[in-house]
Number of protein chains: 2
Amino acid sequence: MTSLSNAGAEAPATTSRPTMKQVAALAGVGIKTVSRVINGEPNVSAATIARVTDAARALDYQPDLHAGNLRRADGRSRTLGLLVGSVSNPFSGAVHRAVEEAAIERGVAVFASSLDDDPSREEQSVSAFLRRRVDGLILTTISPSQGYLAAEIRRGTPVVFVDREPSGVTADTVVSDNAAGAALAVRHMLAHGHRRIAYLGDRGDIQTARERRRGFLEELGRAGVATSSVPVIENLHDEAVTFDALLGLLSSEDPPTAVFSAQNLVTIGAIRALRARDLHHSVALVGFDDVPLADLLEPGVTVVAQNPQRIGQLAAERVFARLDGDDTPGARHIVPTRLIVRGSGEINAIG
Amino acid sequence: MTSLSNAGAEAPATTSRPTMKQVAALAGVGIKTVSRVINGEPNVSAATIARVTDAARALDYQPDLHAGNLRRADGRSRTLGLLVGSVSNPFSGAVHRAVEEAAIERGVAVFASSLDDDPSREEQSVSAFLRRRVDGLILTTISPSQGYLAAEIRRGTPVVFVDREPSGVTADTVVSDNAAGAALAVRHMLAHGHRRIAYLGDRGDIQTARERRRGFLEELGRAGVATSSVPVIENLHDEAVTFDALLGLLSSEDPPTAVFSAQNLVTIGAIRALRARDLHHSVALVGFDDVPLADLLEPGVTVVAQNPQRIGQLAAERVFARLDGDDTPGARHIVPTRLIVRGSGEINAIG
DNA sequence: GAGAATCGTGACATCGTTGTCAAACGCCGG
DNA sequence: CCGGCGTTTGACAACGATGTCACGATTCTC
């Protein structure tokens, strides 16, 4: 259907992209000379440089990076693979942005993909990255083991895990101080007189979520609160499910006086539920991870904020350091969280 | 520093990635046979397939997509370049997500980059994409002309512009119904008795912003409102600048009774300013483009919502259609907007 | 049972580029 | 005027894969 077209017209016909050979022919030089000019190698006469540059411009020539890579000594594709949790979460957006900023500075392009809580997409994306010969990987994971990466890591490909720690392999990991952040939230609510604090958590199969729960429960334990009396609801991974779960909890015979929501979207679902029962001014709420416009709500939402920019930046730094020869053992890099007080967490326990 | 290392140890030494040749050697077959097995070509005996598969697994072999592409007939890299406006804007995130979803379905990987309002990054990113031989481009633009893409488009590379129309080239374009959306907002406020409606707009050099202003002013004109009496403030591209601008306007001798904020972040800045003057219950506000948590604010924020998912999806559809042979002339695809009523836009004019 | 068609396989050229190497040229000193 | 040296240049192999083709071994056909 493409081919019948406009017979005899000026032929917009799909010409293919120009190659060095064509540039060389037009400039009347050898192809290696074109290569030299394009790559700024020395020992080319000024006149030749001009001829080649003109020819390249005339043909709108763009060198084929991959073909070059095939032969080039360092074998670097100047490409990175980034897998984030979910594009719908602002946390991921911020990480992406930070990684890209660092990458662009080095002339590295970023393949970005998102997991969307689908374990099969993890391995699939990584494989896609690897077949495209990325120089390094920055990964948020969800599948139970990252053992499938062992050989690749052994071969020297830098892999940095963000937001979640890997299992089955050792590598650089950049995470928020999840347990400590959760503990911070708990202390804050305890200080406001709460003893019956509900835990609303993300999927239990996410290691990060388990860390937050651990921090939460341990801090309650340290304060002498019997954890058996603490409502713990997990596997909440969106607003709607959280909404329903918290409504149920609030209707129970011994409802909590405070709520700790251990994730972004869970926090939003919790806010909606508290509003639906008109309890947003009487039940305290502290969320983990910041929420957009949290300060404009009534009351403002108190959160333990993460620092996604720093996480992305640090991850990129680690990848590039290893590409530059750093071969220290993989380590955990912990990015601190901080409590942002806005109102919802400072509601005192009644009685 | 890398090289002195652990003399005589088990040598974790950076082995390079395995090639087909190595797989072939291990399996005891020719390299072309490995190629056949990897690509699922017919006419290989079951026994050979098994031997090759085992060898590939043993070496953790991943085919080099780019090397293959060099020789492959269709010359497709199964790669797309996506340039969005700003990762910090949820609109961009949604577009990205939609594009990626469509891409992954076809086994295509996405290079994602963001413009962040820097014209020099536009051409730089496109060039980076092209050198990596992407099959198609989906671009949000900011520089005054996209003429630099003319040769590439003529060569048959599918280019789709999103959110902003290009100048200097003809190609598929996917945009919101900007003028009509703005007009919709105006009609809504007129219906609530407002005549003095302020326009708060994004950068005047962005074509999309100009469209929204046009829609705004034309609708006022149709309603017989003298546009000379309408405060129009432009070049607001973040919350802080908008905040200051609106505060100034509200302090003027004849302040507006309603505000139309023509962009996401501008809307948020406007909300903050209205709150700072405690006018959020008396001055009407309608924003263009939805804002996260808009329904939880007090009052809820009435907006003309765009449909970024649809925009991204449609853009991807166009790219793939052209890759599949569609050679109809480039066209504008307009995605409708819709008014979401939440409270702030239904405040009536006083008197 | 002979010839034809099909199957399974590998040698080789090739994709667009860069690394290696050697040739051609100009310049200098003796 | 010659030898040596540095500069400029291009021929050629190679990177890791696939397309083409030809070869030997089966299987089919009548």
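Below, all heavy atoms of this structure are taken into account, side chains as well, without hydrogens, waters or symmetry copies. On a predicted model such as this, the values are computed, not experimentally measured, just so you know.
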Asker: Using a heavy-atom cut-off of 4.0 Å across all strands, would you classify I31(A) as base, sugar-phosphate, or nothing?
Answerer: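 Here I31(A) touches the bases of the nucleic acid.
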Asker: If every non-hydrogen atom of V99(A) is compared with every non-hydrogen atom of G312(A), which pair is closest and at what distance?
Answerer: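 Between these two residues, the closest heavy atoms are CG2-O, 3.6 Å.
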Asker: Looking at every strand, decide which applies to P42(B) at a 4.0 Å heavy-atom threshold: base, sugar-phosphate, or nothing.
Answerer: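 P42(B): no heavy atom of the nucleic acid under 4.0 Å.
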Asker: Can you tell me if T33(A) touches the phosphate of dG10(D), counting only side-chain N or O atoms and a distance under 4.0 Å to OP1 or OP2?
Answerer: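 For dG10(D), OP1 or OP2 has a side-chain N or O of T33(A) closer than 4.0 Å.
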Asker: Do any side-chain nitrogens or oxygens of T19(A) fall under 4.0 Å of OP1 or OP2 in dG16(C)?
Answerer: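 T19(A) to dG16(C) OP1/OP2: no side-chain N or O under 4.0 Å.
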Asker: Round to a whole Å and report the spacing from CD of E41(B) to C1' of dG8(C).
Answerer: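 In whole Å, dG8(C) C1' lies 13 Å from E41(B) CD.
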Asker: When you check the phosphate oxygens OP1 and OP2 of dT18(D), does a side-chain N or O of N39(B) lie under 4.0 Å from one of them?
Answerer: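 N39(B) to dT18(D) OP1/OP2: side-chain N or O found under 4.0 Å.
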Asker: Mind grabbing the angle between the end helix axes of the helix from dG1(C)-dC30(D) to dG30(C)-dC1(D)? Five pairs an end, 10° rounding.
Answerer: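 Taking the rotation axis at each end, their angle is 40°.
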Asker: Going by atom types only, do E100(A) and S113(B) share a side-chain donor-acceptor pair under 3.5 Å?
Answerer: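 Yes.
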Asker: Counting side-chain heavy atoms from CB outward, which of dA17(D), dG16(C), dG19(C) is closest to D64(A)?
Answerer: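 Nearest to the side chain of D64(A) among the choices is dG16(C).
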Asker: Salt bridge between D116(A) and R97(B), side-chain N to carboxylate O under 4.0 Å?
Answerer: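 Result for this pair is yes, salt bridge flagged.
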Asker: Does V44(B) or L70(A) map to a spot on DNA chain C nearer the 5' end, using the closest nucleotide for each?
Answerer: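 The residue mapped nearer the 5' terminus is V44(B).
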Asker: Would you indicate, yes or no, if dG8(C) has its OP1 or OP2 atom less than 4.0 angstrom from a side-chain nitrogen or oxygen of S45(B)?
Answerer: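 Looking at the OP1 and OP2 atoms of dG8(C), neither is under 4.0 Å from any side-chain N or O of S45(B).
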Asker: Does a donor on one side chain sit under 3.5 Å from an acceptor on the other, for R132(B) and T79(A)?
Answerer: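 Result is yes, a qualifying pair exists.
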Asker: Just by distance, with hydrogens left out, do Q146(B) and E122(B) show a side-chain donor and acceptor under 3.5 Å apart?
Answerer: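 Yes, because at least one side-chain N or O of Q146(B) sits under 3.5 Å from a partner of the opposite role on E122(B).
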Asker: Looking only at side-chain N and O atoms, does T157(B) offer a donor or acceptor that is under 3.5 Å from a partner on E152(B)?
Answerer: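 The answer is yes; a qualifying pair exists.
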Asker: Are N43(A) and dT8(D) close enough that a side-chain N or O sits under 4.0 Å from OP1 or OP2?
Answerer: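 So the side chain of N43(A) is within the cut-off, an N or O lying under 4.0 Å from OP1 or OP2 of dT8(D).
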Asker: Under 4.0 Å between a side-chain N/O of Y61(B) and OP1 or OP2 of dA17(D), yes or no?
Answerer: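 Y61(B) to dA17(D) OP1/OP2: side-chain N or O found under 4.0 Å.
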Asker: May I have the distance from K21(A) (atom NZ) to dC15(C) (atom C1'), rounded to whole angstrom?
Answerer: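 For the pair K21(A) NZ and dC15(C) C1', the rounded distance is 10 Å.
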Asker: Measure the distance from CZ on R72(A) to C1' on dA14(D) and round it to the nearest whole Å.
Answerer: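 One finds 14 Å between C1' of dA14(D) and CZ of R72(A), rounded.
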Asker: Can you tell me how far P of dC15(C) sits from CZ of R133(B), to the nearest Å?
Answerer: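 Atom CZ in R133(B) sits about 15 Å away from atom P in dC15(C).
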Asker: Just how far, in rounded Å, is C1' of dA14(D) from NE2 of H66(A)?
Answerer: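 These atoms are roughly 19 Å apart.
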Asker: Return the CG to OG1 distance between N43(B) and T48(B), rounded to the nearest 0.5 Å.
Answerer: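 Going from the CG atom of N43(B) to the OG1 atom of T48(B) covers 11.5 Å.
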Asker: Just checking, any donor-acceptor pair under 3.5 angstrom between side chains of D135(B) and S77(B)?
Answerer: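 Yes, a side-chain donor-acceptor pair sits under 3.5 Å.
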Asker: Below 4.0 angstrom, N of the basic side chain to O of the carboxylate: do R17(B) and D60(B) qualify?
Answerer: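 Judged by the 4.0 Å cut-off on N to carboxylate O distance, R17(B) and D60(B) do not form a salt bridge.
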Asker: I need the CG-P distance between L59(A) and dG16(C), as an integer number of Å.
Answerer: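 Distance check: L59(A) CG to dG16(C) P gives 14 Å.
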Asker: In whole angstroms, how far is the C1' atom of dC15(C) from the CG atom of D74(B)?
Answerer: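 The distance from CG of D74(B) to C1' of dC15(C) comes to 13 Å, rounded to the nearest Å.
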Asker: Produce the list of close N/O pairs, under 3.5 Å, pairing protein atoms with atoms of nucleotides 20-24 of chain D; give distances to one decimal.
Answerer:
none

Asker: Verify the distance criterion only: is there a donor paired with an acceptor across the side chains of R131(B) and S127(B) at less than 3.5 Å?
Answerer: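 A donor-acceptor contact under 3.5 Å links the two side chains.
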Asker: L130(A) has an atom CG; how far is it from atom P of dG16(D), in whole Å?
Answerer: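 After rounding, the reported distance stands at 16 Å.
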Asker: Measuring from the side chain of T48(B) (C-beta onward, heavy atoms only), which nucleotide among dT18(D), dT17(C), dT9(C) has the closest atom?
Answerer: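 That would be dT9(C).
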Asker: On DNA chain C, nearest-nucleotide positions of N69(B) versus V29(B): which is more 5'?
Answerer: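 Taking each residue's closest nucleotide, the earlier one in sequence belongs to V29(B).
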